Each structure stands twice: as C-alpha cells, then as structure tokens.
Amino acid sequence: MCKIGIVLNNRDFEHDIYALVKAFYPQAEIRCMEENQNPEGETLLLYVMQSDTGFSLCLKEAGEDGYRKSAGQSNHGEEIALISCQDIREQRKQRKDQIKTLLYQILKEKENRELPWGTLTGIRPAKLVMGMLEKGMKNTEIAAHMREHYLVSPKKTALSITIANREKEILKEINYENGYSLYVGIPFCPSICLYCSFSSNPLSRWEKRVDEYLDALTKEIREVSKMTKRKTLDTIYIGGGTPTTLNPRQIRRLLSCIEENFPTETVREYTVEAGRPDSITEEKLKALKEFPVTRISVNPQTMNQSTLDLIGRKHTVEQTKEAYWLARKCGFDNINMDLIVGLPGEDKEMVKHTLDEIRLLGPDSLTVHSLAVKRAARLNMFREQYQELTFENTQEIMDMTMEYAYEMGMGPYYLYRQKNMKGNFENVGYAAVDKAGIYNILIMEEKQPIIALGAGGSSKLVYDGGQRIERVENVKDIKNYMERIDEMIARKEAGIQWQ
Ligand code: SF4
C-alpha cells in the first residue's frame, strides 16, 4: 500500500487537503506531519507551506538517494500570492480554494486523472448549488462556476444543479424559521450487517429490555415536546437501527406517545424506516397504518442472495419481495427502497440483476448508496478475510442505476457524499413526482433544526438562517442512555434556545 505524508507548517485546511489527497489515492495510508517530523517509509511527501501573503506546494517522491522533487509539476514549490480581500471570512475561503485548486492540478498532472467532483471534498455539493440559486444565480452561471472554480465534471455539475432545483421546489412551502423535524431512533436490528457503522445492536441481546428502552424514550419524547411548543413540526422520521424490530404492541406504544405529545396534524411527511425485510410482518404494518405514517422503507440493498448471505443480512430475496407486497397490500403508497453498489463480490451484472428485480416491484423512491467503509464497520475490521473479493463500483454502474431510476419514472432529488466512499462517488436519492423524502432533503440542506431522540440521537440546531449550527448529542450506548435519560433531556433543555 502506498504511504503518503502531508507536511504542513500550519494546520489550517488540514482536513480539506487530506480529503483531496485521499480522493486521488483512496487506498493509500496518509498521515499529516509537522515540518520537523521524519518520514517513516512514505513514498510521496506533499509539502503545503503557508505564509501571511501566500502559499507553496511541492511534491517529493522517494528514490534511492532520498526524496526528490516530483518532475513536471505546475508552480512547483513557488510561492503563490493570495488574492487580496478585505473580508476575513472570504479571505480564508479564497485561500482554501486557491490551495485546493493548485493541489488538484498537481495531483491531476501526476496521476493523469481527474476527479468527478473536482476540488469539492464536502459531503453536500447540492447545498453549495442551492446557496448559489438562493443568491439569484442562473443555472448557466452556476454550471460555469462549478466547472471553472471547483473543476467539477459536466455530469456531476448537471446532477447537482438538477437536484438543487428540485429541492428548492420541494422546500418552498417549508418555513425555515419556525419549522423543525423530529428524529426518533430505535437502535436494534435483527442482526448486524457487515458494513454497518450506525449505532445498532442485535435485538437478540436486548429483547428483554426493549420496553425499558421505550420507557426512557417516551420520557424523552414527553419532555422534549414541551420545549418545542412554539415551533411547527414539519417532518417525523423514525429510524435506527430498525424500527420494525419493535413488536406491534411496542410500535403502538411509541407512535401513540409521539401522537399524544407532538402535533402530527401539521406534519407533511411521517417516515418509518422499516428497513430490514426480516423484521416486517403484516401485524406490524397494520399497527403503523393506525397512525399518520406516510412513507416507509423496505430495504433490499441487493437482490443477490449470495451477497446477502455474505454481508450478514440474514434475510432472503424472497422476504424482501414479500415485505414489499405486504406493505402495498396494507395501503402504503410511498415506499422507498435502499440499494448499495460496491458490495463485496458484486459486478455490474449483479447490480443489473438487482435493478431488474426492483423494477418489477416498482417502488416510489430508490436510494442508491455507494459503499462507504468506515473504520468501525466489521467489513473493515475483517478486511483480510475478504481480500480475495473484489469491490467494484464504476461510473458505468452509477450511470446504470440512474438509467433504471429514470425508466421507473423517478428523478434525482437528493445527494450526499461520504468520507471513505468507494470510487469517490455519491449517494443519490431518486423519487417519482411528489414522492421525494422531504426529511432527507432537510437533513442535507441544514435549513431547519432536527431534534433527535433516542440512543445515539444527534440533534442539529440551526440558527440565523443556517449561519450557526450547533449539535446536542445523546449517548450511543443503550444502557447509558437509559440510566442517564434525565441528563439527555437536560442537555436539550440547555441547547434549545428558541425562546
Ligand atoms: S440494518 Fe442498517 S442499522 Fe441495522 S445493522 Fe444493517 S446497516 Fe446497520
């Protein structure tokens, strides 16, 4: 594996520089170093030196007689003067953009390769475009800016502009100042998927204590509802984990508590992420239908049984189909399905098979995730066990998912990128007209607060039209959450400054 050292004399923009280098070298081991630190077998050293008036970049490669400047790089090691600017914030942004642009050019030249998202390393490209739309820029002007300033490919430029325009249309009735959304987390799953990095726990270990968890959660629901009285609730999302690991009685208990304490009549969207097909039964779906739930997810991830077995999903393709048709039978008219591309051992043909099967079902929305392997996921921890498997994700496969979505009458409506994403791609949500997930857009656009309840819930409080965002975290550990529920409530009380 290639080792790269990023030598910095100033830690400003360390994260952005690291992310851009990582995007060019996804397999490399990369570390940031101080000027006086000795290399430890790095094959490449990137020097990023900043001064008050400018910066310089220089790439050195390891050779037999030490490190040498990598040949043929633009502006190699020369100080580049910063564009002068009066506004301190703007000046900082420009400095960051200038460094990233030069770094991109140097690595592009060296590797003879471009990145689909150019110099953008953030997870919300559509939010950037939305900001430009809100400033009154035309689509053509935004496209030129994305291409010239951030070096984004024409395809990704078009995708992000299409999505931002659709988001703007969907959000036009949402009151950013007065509205908020509610997230409720159920941290149990029937088994733990190999790639999982969420706070989830096997139901078998917690089954006897689920009611105790609901005791704490319903207490949090009751207390937090008192803090939100002056605001309008726009969307509710019950996620996890897998909410349908709750039995029908527990589902009724949770949803009744939400209904008694929050004004569901103003809610535009009420999602329950049923998720794992092996947790869905007719009785549970009927229990959900007793409440104003508008949208559910039945998530196949793949329709290839061999992959499901490999990734520890412990359900069959047949169960996915049965759960989907059961949900239709129970009257759900907005069903989302999640897919993952880049799963171990899956090639284009296998993804195509999944898409063919999904097309036969005809969901209302489809969320296509590129596999992101985070450090905590078992897939990463047991990397050696899966060494012989290929992890394939290409632009061709991503394009194929988009073509299928269009054929199913869906268009893209939300998008986000993740760190460690295979192939530097993105997650894209597609939906039929009027079936887009509003909560998904709100969480990406950071336009209004999201109050998150339950173990691992991370509330996002948005102030001053998105200029200031603060988080209030609940502990992840279920036992801790239950024991310290009063502290979780007190944290929210201190964090929510709406009065
Ligand atoms: S269903 Fe989702 S939350 Fe549960 S273990 Fe699998 S990936 Fe994690």
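Every value quoted in this text rests on a predicted model; they were computed, and no experiment measured them. Residue numbers count from 1 along this sequence.
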Review point. Measuring from Leu115:CG to Glu111:CD, what's the distance to the nearest 0.5 Å?
Key: 10.0 Å
Check your understanding: Do Tyr404 and Tyr430 make the cut of ring centroids closer than 6.0 angstrom?
Key -> no
Exercise for review: Please name all residues satisfying salt bridge (charged side-chain N to carboxylate O under 4.0 Å, His left out) with Glu14, sequence neighbours left out, ordered by chain then number.
Suggested key: Arg11
Review point. Can you tell me if CZ on Arg113 sees more than 12 non-hydrogen neighbours from other groups inside 6.0 Å?
Key: yes
Check your understanding: Considering residues at least two apart in sequence or located in another chain, which fulfil the side-chain hydrogen bond (donor to acceptor under 3.5 Å, both in side chains) criterion with Lys93?
Key -> Asp97, Tyr150
Point to revise | Partners meeting salt bridge (charged side-chain N to carboxylate O under 4.0 Å, His left out) with Lys108 (sequence neighbours left out) | key: none
Exercise for review: Sequence neighbours left out, what passes salt bridge (charged side-chain N to carboxylate O under 4.0 Å, His left out) with Lys155? Give chain and number order.
Suggested key: Asp399
Exercise for review: For Arg468, look at atom CZ and say whether over 12 heavy atoms of other residues, nucleotides or ligands are found less than 6.0 Å away.
Suggested key: yes
Review point. Do the side-chain N and O atoms of Glu346 and Thr302 include a donor-acceptor pair separated by under 3.5 angstrom?
Key: yes
Exercise for review: Please check if any side-chain donor atom of Glu79 sits under 3.5 Å from a side-chain acceptor atom of Ser51, or the reverse.
Suggested key: yes
Review point. Does Lys172 have any salt bridge (charged side-chain N to carboxylate O under 4.0 Å, His left out) partners at least two apart in sequence or in another chain, and if so, which?
Key: Glu169
Practice item. Can you label the angle between the Phe188 ring and the Tyr213 ring as parallel, tilted or perpendicular, going by 30° and 60°? Key: perpendicular
**Study point:** Short side-chain donor-acceptor distance under 3.5 Å, Arg276 and Thr245
**Key:** no
Exercise for review: Output yes when Arg491 and Glu493 qualify as a salt bridge under the 4.0 Å nitrogen-oxygen rule, no when they do not.
Suggested key: no
Check your understanding: Are Glu220 and Tyr481 linked by a side-chain donor-acceptor pair shorter than 3.5 Å?
Key -> yes
Review point. Does CZ belonging to Arg68 count more than 12 external heavy atoms closer than 6.0 Å?
Key: no
Exercise for review: Evaluate the side-chain proximity of Arg95 to Phe13: yes if any heavy-atom separation is below 4.5 Å, no if none is.
Suggested key: yes
Check your understanding: Can a donor-acceptor pair be found between the side chains of Gln50 and Asn9 at a distance below 3.5 Å?
Key -> no
Counting only pairs under 3.5 Å, give me each side-chain donor-acceptor contact of residues 445-458, with atom names and distances, residues two or more places apart or in other chains.
residue, atom, partner, partner atom, Å
Glu446, OE1, Lys127, NZ, 2.6
Glu446, OE2, Lys460, NZ, 3.1
Lys447, NZ, Glu134, OE1, 3.0
Lys447, NZ, Glu134, OE2, 3.0
Gln448, OE1, Ser181, OG, 3.1
Gln448, NE2, Asp234, OD2, 2.9
Ser458, OG, Arg471, NH1, 3.0
Ser458, OG, Glu473, OE1, 3.1
Ser458, OG, Glu473, OE2, 3.4

Review point. Is it the case that Glu273 and Ser297 place a side-chain donor and acceptor less than 3.5 Å from each other?
Key: no
Review point. With no hydrogens and no angle check, is any side-chain donor or acceptor of Lys3 less than 3.5 Å from a backbone partner on Glu40?
Key: yes
